[in-house]
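Structure, as structure tokens:
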Amino acid sequence: MWLKAWKQNKVDSKDQISLERLPRHIAIIMDGNGRWAQKRALPRSMGHRAGVEALRKVVKTCSELGIKVLTVYAFSTENWSRPKDEVGVLMTLLTEYLRKELQELHQNNVVIRAIGGIADLPREAQRELDLSIKQTHNNSGLILNLALNYGGRSEIIDAVKKISNDVLTGKQKIEEIDEACFSDALFTSGLPDPDLMIRTSGEMRLSNFLLWQLAYTEIVVIQELWPDFGEKALIDAIKAYQKRDRRFGGIHKD
Ligand code: FPP
């Protein structure tokens, strides 16, 4: 099992971070696949393929560490505007990833979930996703939350519509609308907000990712391109997070 492997072989890396103050929820913008490929004169599809490998490693490390939730931005609502072939490659990679990894993820107690407009994904991808979600939903380990056809603004608009409808039908009182009820109307309902958000490839943007949920999240931007991201970079990001002073808008009481 992954957890055992970590305990037996990786004591050195584990000691670099405090296991008591781990982020509960890590969110990642996996950026830079295209540039990684371009630097090697390879087609962009190879960059995305290498990106899947990086994702596999990061999922394994998060699971070993005992992180509760990992949300990865795999396909945004804006990514449909890429050339048809590239969109096709990304959808095929998603389907392949789930087909190949499901059993190992399941054996390692991972729960697969998805956020975004899943109904608009190609049928094959939806089928694999559905199967993976159903098979793993009783697991109790890492929640791997795949953001697919996801956009933060449309998620917020959908939540507004849902709450408005509840007001119209008498299920919700306007004066009782609060942050908790709004959070509940989002795709991430029931999950803690991310403590740490990592973006690779040096870009300092949120790119419509988890706009509501990232309000107090610590952001770590890494220069490495996503396919080069691995265990060491993840540990370094967690170390950077553990040095941050999180005040949530307040002041220190000591
Ligand atoms: C950004 O790189 C990455 C994406 C748009 C897709 C992320 C997808 C993966 C890591 C692999 C797919 C994984 C699954 C499970 C579907 P970019 O293409 O924008 O890179 P660039 O900015 O260098 O061009």
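Every number for a ligand or one of its atoms is a count from 1 in the order of the listing. Quick caveat: nothing in here was measured; it's all calculated off a predicted structure.
- Of the possible donor and acceptor atoms, one in the side chain of Q242 sits under 3.5 Å from a partner among the backbone N and O of S18.
- Considering backbone and side-chain atoms together, G34 places an N or O closer than 3.5 Å to an N or O of ligand 1.
- Under a 4.0 Å criterion applied to the non-hydrogen atoms of N79, ligand 1 contributes the atoms 5 (C).
- By heavy-atom distance, the residue among L55, T92, L144, N33 lying nearest atom 10 (C) of ligand 1 is N33.
- The L94 neighbourhood of ligand 1 comprises atoms 16 (C), with distances under 4.0 Å to a heavy atom of that residue.
- Counting non-hydrogen atoms of neighbouring residues, nucleotides and ligands closer than 6.0 angstrom, the CD1 atom of I174 reaches no more than 12 such neighbours.
- Atoms of ligand 1 found under 4.0 Å from any heavy atom of A74 (numbered from 1 in listed order, with element): 6 (C), 7 (C), 8 (C).
- In R244, the CZ atom is crowded: over 12 heavy atoms of neighbouring residues, nucleotides or ligands sit closer than 6.0 Å.
- Closest protein heavy atom to atom 3 (C) of ligand 1: M30 O, 3.1 Å.
- Ligand 1 has no N or O atom lying under 3.5 Å from any N or O atom of W226, backbone or side chain.
- Salt-bridge formation is not detected for the pair E224/K232: no Lys NZ or Arg NE/NH1/NH2 atom is positioned less than 4.0 Å from an Asp or Glu carboxylate oxygen.
- Salt bridge present: E96 and R49 bring a charged side-chain N and a carboxylate O closer than 4.0 Å.
- With M197 as the fixed residue, the side chain to side chain contact (heavy atoms under 4.5 Å, CB included) test singles out one of L210, L206, T71, I28: L206.
- The two residues I222 and A233 make their nearest non-hydrogen contact at CD1-O, 4.1 Å.
- The pair R56-E53 meets the salt-bridge criterion, with a side-chain N (NZ, NE, NH1 or NH2) lying under 4.0 Å from an Asp/Glu carboxylate O.
- Ligand 1 is never approached by M91 to a heavy-atom distance shorter than 4.0 Å.
- Near H48, with a cut-off below 4.0 Å to any heavy atom, the atoms of ligand 1 are 11 (C), 18 (O).
- The atoms of ligand 1 that sit less than 4.0 Å from any heavy atom of V52 are 11 (C), 12 (C), 13 (C).
- Note: an N/O pair closer than 3.5 Å links D31 and ligand 1 by distance alone.
- Each of the following atoms of ligand 1 lies closer than 4.0 Å to a heavy atom of R82: 5 (C), 17 (P), 18 (O), 19 (O).
- For atom 22 (O) of ligand 1, the nearest non-hydrogen atom of the protein is R35 NH2, 2.9 Å.
- One finds no salt bridge joining E101 and K60 here, because no Lys/Arg side-chain nitrogen approaches an Asp/Glu carboxylate oxygen to under 4.0 Å.
- Contact annotation: for R44 versus ligand 1, heavy atoms closer than 4.0 Å belong to the side chain alone.
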